[in-house]
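Here is the structure we will look at, set down as structure tokens.
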Amino acid sequence: MMEEKERDKRGISAWYWTRLEKPLTDEQKNALKMALAVGKKLDGRQGDIRLLAYAMRSYALYKQYGLMPKQRWQTTKQGRPYLPEYPEIDANLSHSGCMAVCAVGRPFLGTDIQKTKAHIARPLAQRVCTEEELRWLWEKEQTRRADAFTEIWALKESYLKWNGKGLGQSMRSFMAYECSPGQIQTSIQGVRFCLCTPIPGYKAALCAGTEPLPKIQQVSQAQLLRFCAERAGNTGKIT
């Protein structure tokens, strides 16, 4: 009963990030795949971070709603993952480099994380940015421009994930950039954005409707491995 009351205080959504601190062992990979019902072939560092992202999704659903879904995730025609058991609950993932983010909530959310590029060429920016964003971007010193472009990219990806259209909608069809700390300038009505730097070199964004947005929380690789081990009753193999 106390655990349910605590969950009720947490609101309707949650946002987490994790980092691949060291490569997963073969035993950990196999155990995670079994615990999370993942049938995909996941190799290398990107396979490891994707597995951690899936583990974080399960962790978030349990921490926020007390859920341990028994069915596999399915996708809509637009490619949006959903749980047939709980279609009213959204869970959105993103990963880049050694980092991953996950947002869960009711109703939909969109989250994205991007590793900052060392240099941004104008042709790339022109494929992503509106004219106003381009002017804002090129007013910045070159050392700050890459960070600012990465923020724009993450904000726009989070919106496209929120509305379910993905890259079916051009990034240049709308505007979203942080005009001042904590203030997102956007041409979109009826949404809210949050932007943060989980660790230096990475930008994470969250998009949702008009409901209050959660603060991002860290969950470590060790926590995720321990969580999956406890749920699977397989502590020795995963941790």
Side-chain angles (χ1 to χ4, degrees), residues 7 10-20 24 29 31-114 153-169 171 191-194 198 204-209 211 213-214 216-217 219 221 224-225 227-228 231-232:
R7 285 198 196 99
R10 295 176 190 174
I12 61 173
S13 58
W15 192 24
Y16 292 93
W17 69 268
T18 194
R19 178 181 185 179
L20 180 66
L24 298 174
K29 290 178 185 179
L32 282 174
K33 287 179 182 179
M34 290 185 63
L36 300 168
V38 175
K40 300 177 182 178
K41 185 178 180 180
L42 301 173
D43 297 322
R45 188 175 76 161
Q46 286 305 298
D48 286 358
I49 193 62
R50 287 181 68 183
L51 271 174
L52 284 184
Y54 295 147
M56 185 165 52
R57 181 171 61 187
S58 291
Y59 176 92
L61 288 170
Y62 181 76
K63 289 293 182 179
Q64 190 69 11
Y65 305 115
L67 298 180
M68 287 295 292
K70 297 177 182 178
Q71 294 181 350
R72 289 195 178 193
W73 289 83
Q74 298 184 21
T75 55
T76 64
K77 291 181 180 179
Q78 293 74 32
R80 190 184 197 99
Y82 73 97
L83 277 170
E85 296 171 273
Y86 307 100
E88 76 284 2
I89 295 177
D90 194 29
N92 199 248
L93 297 174
S94 177
H95 59 86
S96 178
C98 66
M99 297 284 292
V101 289
C102 173
V104 296
R106 293 188 291 231
F108 293 146
L109 304 105
T111 188
D112 190 64
I113 189 163
Q114 296 290 331
W153 190 294
L155 286 166
K156 292 195 171 196
E157 283 274 15
S158 72
Y159 171 70
L160 293 175
K161 290 181 177 182
W162 174 80
N163 71 16
K165 294 181 180 179
L167 294 180
Q169 179 179 352
M171 285 190 175
V191 297
R192 299 178 69 173
F193 288 99
C194 186
L206 180 69
C207 177
E211 64 271 11
L213 297 182
I216 199 165
Q217 305 172 60
V219 54
Q221 177 174 333
L224 292 175
L225 290 172
F227 168 77
C228 288
R231 297 302 150 196

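We use all heavy atoms of the structure for the numbers below, so side chains are in, but hydrogens, waters and symmetry mates are not.
Within a 6.0 Å sphere centred on CZ of Arg192, heavy atoms belonging to other residues, nucleotides or ligands number more than 12.
Ser13 and Gln64 make their closest contact through O-NE2, 3.4 Å (heavy atoms, listed as atom of the first residue, atom of the second, distance). Closest heavy-atom contact between Lys33 and Leu51: CG-CD2, 3.9 Å. Nearest heavy atoms, Cys207 versus Val191: SG-CB, 4.0 Å. When all heavy atoms are compared, the tightest approach of Ser58 to Leu36 is OG-CD2, 3.4 Å. When all heavy atoms are compared, the tightest approach of Ala204 to Val101 is CB-CG1, 4.1 Å. Closest of all the heavy-atom pairs between Gln46 and Gly97 is NE2-O, 3.1 Å.
A distance of 7.5 Å separates CE in Met99 from OG1 in Thr18, rounded to the nearest 0.5 Å. Here NZ of Lys63 is found 7.5 Å from OH of Tyr16. Values are rounded to the nearest 0.5 Å. Rounding to the nearest 0.5 angstrom, the gap separating the SG atom in Cys102 from the CZ atom in Arg57 is 7.5 Å. To the nearest 0.5 Å, atom CD1 of residue Ile49 and atom CG of residue Leu93 are 10.5 Å apart. In this structure, Asp43 CG and Arg50 CZ are separated by 10.5 Å, a value rounded to the nearest 0.5 Å. For the atom pair CG (Leu32) and CG (Leu42), the distance works out to 10.5 Å, reported to the nearest 0.5 Å.
Ring geometry for Tyr159 versus Phe193: interplanar angle of 30 to 60°, hence tilted. Ring geometry for Tyr59 against Phe227 counts as perpendicular: the plane angle is over 60°, on a 0 to 90° scale with 30° as the lower cut.
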**Message:** side-chain contact (heavy atoms from CB on, under 4.5 Å) for Leu83 and Trp73? Distances and angles first, verdict last.
**Reply:** CA-CA 5 Å; Leu83 277 170; Trp73 289 83; 3.6 Å; yes
**Message:** side-chain contact (heavy atoms from CB on, under 4.5 Å), that's the test. Do Ile113 and Trp17 meet it? Break it down for me.
**Reply:** CA-CA 9 Å; Ile113 189 163; Trp17 69 268; 5.5 Å; no
**Message:** Set out, in order, the CA-CA distance, both residues' side-chain angles and the distance that settles side-chain contact (heavy atoms from CB on, under 4.5 Å) for Leu52 and His95, then state yes or no.
**Reply:** CA-CA 10 Å; Leu52 284 184; His95 59 86; over 6 Å; no
**Request:** Applying side-chain contact (heavy atoms from CB on, under 4.5 Å), run through Val219 and Leu224 and close with a yes or a no.
**Result:** CA-CA 7 Å; Val219 54; Leu224 292 175; 3.7 Å; yes
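Side-chain contact between Arg106 and Tyr65: present, with at least one pair of heavy atoms (C-beta onward) separated by less than 4.5 Å. Considering only heavy atoms from C-beta on, Met171 comes within 4.5 Å of Trp153 through its side chain. With contacts defined as side-chain heavy-atom distances shorter than 4.5 Å, the pair Leu109/Leu206 qualifies. Using a 4.5 Å heavy-atom threshold, the side chains of Asp48 and Lys29 count as touching.
Here Ala154 pairs with Asp112, Gln114, Ala205 under the side-chain contact (heavy atoms from CB on, under 4.5 Å) rule; sequence neighbours left out.
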